[in-house]
Amino acid sequence: MTTMFLSALRSACDRQLLITALKVSAVVGTLLNLVNQGPAIWHGEAVACWSIVMNYLVPFCVSSYSGTRVRLGAGSAARKK
């Protein structure tokens, strides 16, 4: 169990995976902010800072998790051959 956790943590901290997750987060987070808070931004009204943070954090976490799962799955598939 701990070796699997360490493998997942090592994979999640991989430089290439983090860069990809940041790119996904930048694009998806910006689109989510425009959809969710666009009218407030356009009218110069206050925006919810927590919502802005979450709109970037959630896609980053999803992308990191997905990339880690793919890498761990590819490793286990290679071991089964």
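Every pair passing side-chain hydrogen bond (donor to acceptor under 3.5 Å, both in side chains) that includes a residue from residues 47-63 is listed here, sequence neighbours excluded: Thr30-Tyr56, Asn33-Asn55, Asn36-Asn55, Gln37-Ser51.
Among Asp14, Leu17, Val24, the one residue that satisfies the side chain to side chain contact (heavy atoms under 4.5 Å, CB included) test with Ser64 is Leu17.
With hydrogens and angles ignored, the 3.5 Å screen pairs no side-chain donor or acceptor of Ser25 with any backbone N or O of Ala21.
Across all their heavy atoms, Ala46 and Ala40 have their closest contact at O-CB, 4.0 Å.
Side-chain atoms of Lys23 and Val27, non-hydrogen and from C-beta on, never get closer than 4.5 Å to each other.
Cluster annotation: Leu32 and Val62 are assigned to distinct hydrophobic clusters (Ile/Leu/Val/Met/Phe/Trp/Tyr, side-chain heavy-atom contacts under 4.5 Å, transitive). Val58 and Leu22 sit in two unconnected hydrophobic clusters of ILVMFWY residues. Membership requires side-chain heavy atoms under 4.5 Å apart, directly or through other members. No chain of hydrophobic side-chain contacts below 4.5 Å, direct or via other Ile, Leu, Val, Met, Phe, Trp or Tyr residues, connects Val35 to Ile41.
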